[in-house]
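The block underneath contains the structure these notes are about, expressed in structure tokens.
Side chains are part of it too, since the values below use all heavy atoms of this structure and drop only hydrogens, waters and symmetry mates. First listed ligand is number 1; within each ligand, the first listed atom is number 1.
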Amino acid sequence: MIPFLDLRLQYEEIKDEVQEAVASVMENSQFILGPQAVAFEEEFAAYCQADQCVAVNSGTSALHLALLAAGIGPGDEVITTPMTFVATVAAIIYAGATPVFVDVTPDSWTLDPAALEAVITKKTKAIIPVHLYGQVADMDSIMEIAKRHNILVIEDACQAHGADYKGRRAGSLGHMACFSFYPGKNLGAFGEGGALVTSDPAFTKKARMLRDWGQEEKYCHVMKGFNYRMDGIQAAVLRIKLKRLDAWTDSRIAAAQTYAELLTKAGLEPARQATHSTRHVYHVYAFLCENRSTVQAALNEQQIQNGIHYPYPVHMLDGYADLGYKEGDFPIAEHLAARELSLPIFPGMTKQQVSTVVAALIKVAE
Ligand SMILES: *Cc1c(COP(=O)(O)O)cnc(C)c1O
């Protein structure tokens, strides 16, 4: 059996340290935010090459807060791509704004800057590029267009902890960036978690208030806020994992290199990498195939776990039909979504495991 992701393997490595840290949170009973969250915020901001971090309870909350901190609400339009997890789009709707989609580029799977100008209107207030699968969008081009139109850029970096763009880190490239620490993400908590990262103190201040019921001081609610606070236990776990993230990412990259070598040798296409992406962190190893259901059945038969991220672009989902888009509107996203198959990839995956997966793919191709 080859797992899709081996979280147990990761736990074994940090077990003693985690148990000690969790016990210490219980001893001093600082369950909500507290010193662990404050320390994590500092460490994660530094990791992202940004000044500040606001620790929250999910990636979705981080996206919602980023939009609210920017003053975005009803009547405003926010541009993103339909090739994402629904949370990106849901957060725009939570803020009361209208999502506007543009297609992705086929080499990066991320927002196509060339498609932006055509949809920018007087109502456009922000762009949310999604660093899909662990690969950063073409941020220089996006930032240049945004600057010209005076629009904010919020990175959806929920899949891109530690990814680099032309040598610069995801989280430091837009005006704000949002991360998820859902357990399956490259940096995962032992429950829900998220963070908003920025170098603008005004956004940090507002996001901190909104995260904790709009309080400026205790019971002094200067605005209507939310309960979006991070747990102390999650912060303690994340601090331990953050120290190992680079080593774990290097292990994912090594597995991706083995995939690329073996797939290329077999005449199959490896996961795509855009030239601007100087560190793809392989949250997902995206393999494209024409006959996906056959390939998937063959992998399942050999107990090789796999996934699809995602079978439908957001504009084709029933729950989002009211946005007014239809099949055919975003041909590249639709083409990719119909063919993507996520192969197992995780820190500690062996060459032997990668080669077993590729052998199974070669067998179906024949
Ligand atoms: C996981 C994810 C989110 C949402 O994060 P949660 O922590 O699950 O709320 C948002 N956007 C993308 C691209 C994601 O992968």
Side-chain angles (χ1 to χ4, degrees), residues 4-5 7 37 40 44 53-68 78-95 99 101-102 104 108-111 126-137 139 142 153-163 170-171 173-174 176-197 207 210-211 226-231 234-235 237-238 241 252 277 280-286 307-315 317 319-320 333 336-337 340 342 345:
F4 185 63
L5 164 69
L7 286 176
F40 173 69
F44 193 64
C53 165
V54 181
V56 296
N57 61 350
S58 76
T60 309
S61 300
L63 286 160
H64 187 195
L65 286 191
L67 291 161
L68 296 180
V78 177
I79 302 171
T80 189
T81 114
M83 192 68 206
T84 186
F85 180 60
V86 284
T88 320
V89 182
I92 298 169
I93 296 166
Y94 293 170
F101 292 139
V102 295
V104 293
S108 71
W109 306 75
T110 62
L111 191 146
I127 303 168
I128 308 185
V130 181
H131 304 331
L132 200 73
Y133 305 152
Q135 174 161 244
V136 180
M139 289 299 290
I142 294 167
V153 178
I154 300 166
E155 299 170 65
D156 183 337
C158 288
Q159 301 187 2
H161 320 70
L173 305 161
M176 287 184 260
C178 300
F179 290 86
S180 165
F181 306 123
Y182 179 80
K185 300 291 163 85
N186 285 23
L187 179 61
F190 285 1
E192 306 277 0
L196 188 161
V197 168
L210 287 167
R211 157 183 81 172
F226 304 84
N227 173 0
Y228 280 175
R229 301 168 304 224
M230 179 181 276
D231 288 347
Q234 301 310 337
V237 169
L238 288 167
K241 287 192 163 195
R252 284 178 185 270
S277 179
H280 185 328
V281 297
Y282 293 100
H283 174 57
V284 164
Y285 194 89
I308 298 175
H309 300 89
Y310 300 90
Y312 309 101
V314 181
H315 73 283
L317 293 170
Y320 294 82
L336 295 172
E340 195 272 349
S342 308
I345 193 159

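- In this structure, Phe179 has its ring center closer than 6.0 angstrom to the ring center of Phe44.
- Partner of Ser180 under the side-chain contact (heavy atoms from CB on, under 4.5 Å) criterion, chosen from Ser61, Cys158, Ser58: Cys158.
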Give me the pairs of N or O atoms, one from ligand 1 and one from the protein, that sit under 3.5 Å apart.
| unit_1 | atom_1 | unit_2 | atom_2 | d |
| --- | --- | --- | --- | --- |
| ligand 1 | 5 (O) | Ser180 | OG | 3.3 |
| ligand 1 | 7 (O) | Gly59 | N | 2.8 |
| ligand 1 | 7 (O) | Ser180 | OG | 2.6 |
| ligand 1 | 9 (O) | Gly59 | N | 3.4 |
| ligand 1 | 9 (O) | Thr60 | N | 2.9 |
| ligand 1 | 9 (O) | Thr60 | OG1 | 2.5 |
| ligand 1 | 11 (N) | Asp156 | OD1 | 3.4 |
| ligand 1 | 11 (N) | Asp156 | OD2 | 2.8 |
| ligand 1 | 15 (O) | Gln159 | NE2 | 2.9 |
| ligand 1 | 15 (O) | Lys185 | NZ | 3.0 |

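- Arg229 meets the salt bridge (charged side-chain N to carboxylate O under 4.0 Å, His left out) test with Asp212; sequence neighbours excluded.
- Between His64 and Tyr94, the ring planes are perpendicular. Angles over 60° get that label, and only those under 30° would be called parallel.
- With His131 as reference, Glu155 is the one residue of Glu155, His280, His161 to meet the side chain to side chain donor-acceptor pair (under 3.5 Å) rule.
- Between Phe101 and Tyr320, the gap from one ring centroid to the other reaches at least 6.0 Å.
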